[in-house]
Amino acid sequence: MAVGFFERVYQIVRMIPRGQVATYGQIAAIVSHPRAARTVGWALHALPEGSDVPWQRVINAQGMVSITCELHDPILQRELLEEEGIVFDEEGRVDLERYRWEGLPWPQIEVLWHEWEEKS
DNA sequence: ACAATGACATAAG
DNA sequence: GCTTATGCCATTG
């Protein structure tokens, strides 16, 4: 299935701490494909429902939930984030300055990934 | 190999 | 601020 790219995306998303968010472009940059933000979105869209990937912590560069797909519910994402303590303003946006995850260089992601795997 | 498809990003009006 | 247009790129048919 050649899902190497997707797997890397999933690993990174799993590293986003609870209560913080990252943007699609940010994830793409970490996997060394700065222009592949759309593909990152596609990767999350393709996630199975029972996945352990905190997909709700990935939003667009404007701090808004960006689900246009009819099969998925944007409300769900918002509720999941609010459950983690993230506050939405009246326009349905989050304060990226405040909740944004700084991100990590890819090599470090790999290290954390191995630790995560051992604990599981 | 080619064209279409997105849970995007950015620039321009 | 909001709406369009354009660039992007892995995946799929």
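The chains referred to below are lettered A, B, ... by the order of the sequence lines, with proteins before strands, and numbering in each begins at 1.
Screening residues 42-55 of chain A for side-chain hydrogen bond (donor to acceptor under 3.5 Å, both in side chains) gives R14(A)-D52(A) as the qualifying pairs, with residues at least two apart or on separate chains. Every pair passing side-chain hydrogen bond (donor to acceptor under 3.5 Å, both in side chains) that includes a residue from residues 70-84 of chain A is listed here, sequence neighbours excluded: Q56(A)-E84(A), R57(A)-E84(A), R78(A)-E82(A).
Grouping the Ile, Leu, Val, Met, Phe, Trp and Tyr side chains by contacts below 4.5 angstrom, directly or via other members, places I75(A) apart from V94(A). L81(A) and M64(A) end up in different hydrophobic clusters when Ile, Leu, Val, Met, Phe, Trp and Tyr side chains are linked at under 4.5 Å. Residues W113(A) and V111(A) are members of separate hydrophobic clusters, defined by side-chain heavy-atom contacts under 4.5 angstrom among Ile, Leu, Val, Met, Phe, Trp and Tyr.
Here dA7(B) presents its C1' atom at 13 Å from CG of L81(A), a figure rounded to the nearest Å. Going from atom CD of Q62(A) over to atom P of dA7(B) covers 16 Å, rounded to whole Å. At whole-Å resolution of the value, CZ in F5(A) and P in dT12(C) are 13 Å apart. One interatomic measurement links the two molecules: NE2 of H45(A) to P of dA4(B), which rounds to 20 Å at whole-angstrom precision. We find that CD1 of I67(A) is positioned 9 Å from P of dA7(B), with the value rounded to whole Å. When rounded to the nearest whole Å, the span between CH2 of W42(A) and C1' of dA9(B) equals 19 Å.
A heavy-atom distance below 4.0 Å to DNA chain B is reached by these residues of residues 69-78 of chain A, ordered by number: C69(A), H72(A). Heavy-atom distances under 4.0 Å link DNA chain B to T23(A), Y24(A), G25(A), A37(A), R38(A) of residues 19-38 of chain A, given in residue order. The stretch residues 47-60 of chain A touches DNA chain B through W55(A), N60(A), each having a heavy atom under 4.0 angstrom from the strand.
At least one donor-acceptor pair under 3.5 Å links the side chain of Q26(A) to the backbone N or O of T23(A).
The CD atom of Q20(A) sits 11.5 Å away from the CG atom of L96(A) when rounded to the nearest 0.5 Å. Note: L44(A) CG to Y10(A) OH = 6.5 Å, rounded to the nearest 0.5 Å.
Closest approach of A22(A) and W101(A) over heavy atoms only: CB-CE3, 4.0 Å.
No more than 12 heavy-atom neighbours from other residues, nucleotides or ligands sit within 6.0 angstrom of CD on E97(A).
Listed by chain and residue number, nothing satisfies the side chain to side chain donor-acceptor pair (under 3.5 Å) test with D89(A) (two or more places apart in sequence, or in another chain).
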